[in-house]
Every structure is written in structure tokens, then in C-alpha cells.
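For reference, positions follow the sequence shown, starting with 1.
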Amino acid sequence: MLLQDAPRSPARPAPCPAAWDAIVDELTGHPGDITVTKRTWSAFHGTDLDLRLRRRGVTQLVLAGIATSIGVESTARAAYEHGYNVTLVTDAIADRDAETHRHSMERIFPLLGERASTAEVIDLLAKTRTITRRKDR
């Protein structure tokens with residue numbers, strides 16, 4: 001599931017450059033892709049994200065993104081409050097302010113879920129696929 005910011009929202013009152021919200025080609029075009037456009041800091045508020053996830057039986061969310069202390073943290077808090085298992089990809093999250101980034105990473109995120117690197121998440125996904133394939137045989 002891909003999340004995309006709305007061009008103008010309460011979280012982003014100033015105009016943005018053209019195509020600033022485009023999802024890179026490497027992340028698009030997969031069968032079954034679903035894009036949810038978020039209009040506030042949290043991807044859950046004012047969207048049907050929770051409904052879409054629950055309909056698919058999703059229980060685990062892996063979060064990455066820009067604005068650690070705003071969008072990522074707001075979405076992680078909401079995911080936790082909705083009962084999802086949350087993993088925050090520590091090397092795929094950034095913020096414009098190093099101190100607020102550090103605070104979210106060290107103080108807030110450990111309360112909301114587990115933290116892992118991109119390599120650790122990819123390795124775990126590969127192992128999960130292998131186990132799933134064995135069960136399907």
C-alpha cells in the first residue's frame with residue numbers, strides 16, 4: 001500500500017512544486033497496488049486506510065518516510081492505537097531537524113513498535129516468503 005500526500009492540505013499549506021508528490025517508478029506499477037492519499041499528518045485520519053488494511057487481514061505495518069516527527073510519528077501512533085504491529089525502518093526515515101528526529105527515534109518509537117534497518121526488513125520478508133512457499137506446496 002502506497003501513501004501519497006495531497007498537494008495542499010492543512011499539513012502543507014504552501015504550494016508545492018509540480019510533481020513533488022509523484023511516487024517513484026520503482027514503487028509503482030505492481031499488480032494490486034493501492035494508493036491512499038493522506039491529507040493530514042497521519043495516514044489514518046480522514047482516509048480509508050484502516051478499512052483497506054483490515055479487509056486484507058493486515059496486522060503488521062512497516063513504516064518509512066520523510067518527516068520523522070510529523071507524518072511518520074503521527075501514522076505510527078495511529079497504527080499503534082488501531083492495534084497494528086508496527087515496525088519503523090530506522091534508516092528509511094528522515095526529518096529536517098536532527099533533534100526532533102532523534103527524539104522520535106529514541107523516545108517515541110520504542111513505545112509504539114519495533115525498529116529495524118532496511119536490510120533487516122528485507123531479510124525477514126525474504127525468509128517469510130520462503131516459509132510461505134513451503135506451506136503452499
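- Residues Tyr80 and Leu111 fail the side-chain proximity criterion, which asks for heavy atoms closer than 4.5 Å.
- A salt bridge (charged side-chain N to carboxylate O under 4.0 Å, His left out) check over residues 57-68, counting only residues at least two apart or in different chains, returns nothing.
- Counting heavy atoms from C-beta on, the side chains of Leu63 and Val89 never come closer than 4.5 Å.
- Nearest heavy-atom pair, Ala67 versus Asp95, reported as atom, atom and distance to 0.1 Å: C-OD2, 3.7 Å.
- For Asp91, there are no salt bridge (Lys or Arg N to Asp or Glu O under 4.0 Å) partners two or more places apart in sequence or in a different chain.
- Summarising the geometry of Ser104 relative to Ser69, their closest heavy-atom pair is OG-CA, 3.5 Å, with the distance given to 0.1 Å.
- At least one side-chain heavy atom of Arg102 sits less than 4.5 Å from a side-chain heavy atom of Glu99.
- No single ILVMFWY cluster, assembled from side-chain heavy atoms under 4.5 Å apart, contains both Val62 and Leu53.
- Closest heavy-atom contact between Ala116 and Thr87: CB-CG2, 4.1 Å.
- Atom-to-atom distance recorded for Leu112:CG and Thr75:OG1 is 11.0 Å, nearest 0.5 angstrom.
- Between Ile93 and His101, the closest side-chain pair of non-hydrogen atoms falls below 4.5 Å.
- Between Ser42 atom OG and Ile70 atom CD1 the span is 13.0 Å, to the nearest 0.5 Å.
- Scanning for ring-ring contact (aromatic ring centres under 6.0 Å, His included) contacts around Phe44 gives His82, Tyr84, with sequence neighbours left out.
- Counting heavy atoms from C-beta outward, Glu120 and Arg115 have side chains that stay 4.5 Å or more apart.
- Between Thr100 and Thr68 the shortest side-chain heavy-atom distance does not fall below 4.5 Å.
- The side chain to side chain contact (heavy atoms under 4.5 Å, CB included) check on His103 picks up Arg107, Ile108, with sequence neighbours excluded.
- Arg54 is linked by a salt bridge (Lys or Arg N to Asp or Glu O under 4.0 Å) to Asp50, counting only residues two or more places apart in sequence or in another chain.
- In this structure, Ile66 places its CD1 atom where only 12 or fewer heavy-atom neighbours from other residues, nucleotides or ligands lie under 6.0 Å away.
- Each salt bridge (charged side-chain N to carboxylate O under 4.0 Å, His left out) pair with one or both residues in residues 65-81, not counting sequence neighbours, appears once here: Glu73-Arg77.
- Clustering ILVMFWY residues whenever any of their side-chain heavy atoms sit less than 4.5 angstrom apart, transitively, puts Val58 in the very cluster that holds Val36.
- A donor-acceptor distance shorter than 3.5 angstrom exists from the side chain of Gln60 to the backbone of Asn85, with no hydrogens or angles considered.
- Side-chain contact between Leu88 and Val86 is present, with at least one heavy-atom pair separated by less than 4.5 Å.
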